[in-house]
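Please read the structure below before turning to the comments.
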Amino acid sequence: DEQMAAWNRGDLDGFMDGYWKSDDLRFFSGATVTTGWQATLDRYRKRYQADGAEMGKLTFSDLEVEAVGHNEALARGRWTVETSTKTSGGLFTLIFRQVPGGWKIVHDHTSAAAQ
């Protein structure tokens with residue numbers, strides 16, 4: 001909920017607080033693997049905050065969370081971003097780990113549905 005709220009107020013730095021601030025963070029999307037927190041932030045900025053880009057409104061649905069150990073959890077669901085010109089969406093699978101600073105996403109595999 002905190003990530004969704006940050007996104008919807010245009011706060012990409014706040015959105016990124018949900019991710020592990022580590023060079024070992026992995027973000028998979030399409031045929032691309034992004035490695036590291038900073039590279040993931042840069043990817044989001046390029047896609048959603050570059051000239052002419054729009055962050056829109058983010059919603060999550062069909063959320064399932066499953067503990068896979070004392071310090072890890074798996075989350076699955078759907079994401080949707082609505083902008084003034086289009087609606088995009090797809091599926092995600094996240095691995096959360098309890099690290100110093102709380103529960104953070106250490107692995108994100110996000111797919112986009114064909115529009």
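In what follows, every heavy atom counts, from backbone to side chain, and hydrogens, waters and symmetry copies are set aside.
Using a 4.5 Å heavy-atom cutoff, the side chains of T32 and T34 are in contact. Two residues are said to be in side-chain contact when any heavy atoms from C-beta on lie closer than 4.5 Å; V81 and T87 fail this criterion. Side-chain contact between F92 and L63 is present, with at least one heavy-atom pair separated by less than 4.5 Å. For the pair D108 and F28, the minimum side-chain heavy-atom distance is 4.5 Å or more. Between D13 and R45 there is a side-chain heavy-atom pair separated by less than 4.5 Å. For the pair M4 and F60, the minimum side-chain heavy-atom distance is below 4.5 Å.
Remark: W7 engages F15, Y44, Y48 in a ring pair (Phe, Tyr, Trp, His ring centres under 6.0 Å) (not counting sequence neighbours). Residues passing the salt bridge (charged side-chain N to carboxylate O under 4.0 Å, His left out) test with R43, sequence neighbours excluded: none.
Under the 3.5 Å distance criterion, the side-chain polar atoms of W103 are left unmatched by any main-chain donor or acceptor of N71. Looking only at distances, no side-chain donor or acceptor of D62 sits under 3.5 Å from a matching main-chain atom of G77. Of the possible donor and acceptor atoms, none in the side chain of K21 sits under 3.5 Å from a partner among the backbone N and O of Q38. In this structure, T83 contributes its side chain and K86 its backbone to a donor-acceptor pair below 3.5 Å.
Note that the CD atom of E82 and the CE atom of M55 stand 14.5 Å from one another [nearest 0.5 Å]. Note that CZ of R78 and OG of S111 are 9.0 Å apart. Values are rounded to the nearest 0.5 Å. Considering OG1 of T40 and CH2 of W20, their distance stands at 12.0 Å, rounded to 0.5 Å.
For R76, the CZ atom sits in a packed shell: over 12 heavy atoms of surrounding residues, nucleotides or ligands are nearer than 6.0 Å. Residue D23 qualifies as open at atom CG: its count of foreign heavy atoms under 6.0 Å is 12 or below.
When all heavy atoms are compared, the tightest approach of Q3 to I105 is OE1-CD1, 3.5 Å. Summarising the geometry of L12 relative to Q49, their closest heavy-atom pair is CD2-OE1, 3.5 Å, with the distance given to 0.1 Å. Of all heavy-atom pairs spanning V65 and A75, the tightest one is CG2-CB, 4.2 Å. The heavy-atom pair separating L74 from T93 by the smallest distance is CD1-CG2, 3.5 Å. Considering every non-hydrogen atom in both G14 and A6, the closest pair reads C-CB, 3.6 Å.
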Show, in sequence, the C-alpha distance, side-chain angles and deciding distance for W79 and S61, and conclude whether the side-chain contact (heavy atoms from CB on, under 4.5 Å) test is met. CA-CA 7 Å; W79 63 273; S61 61; over 6 Å; no
Mind running side-chain contact (heavy atoms from CB on, under 4.5 Å) on T35 and R26 for me, showing each step along the way? CA-CA 5 Å; T35 302; R26 297 291 184 268; 2.7 Å; yes
Set out, in order, the CA-CA distance, both residues' side-chain angles and the distance that settles salt bridge (Lys or Arg N to Asp or Glu O under 4.0 Å) for D24 and R97, then state yes or no. CA-CA 12 Å; D24 292 326; R97 184 176 297 145; over 6 Å; no
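Under the 4.5 Å side-chain contact rule for hydrophobic residues, V99 and L25 do not share a cluster. Linking Ile, Leu, Val, Met, Phe, Trp and Tyr whenever their side-chain heavy atoms come within less than 4.5 Å leaves I95 and M16 in two separate clusters.
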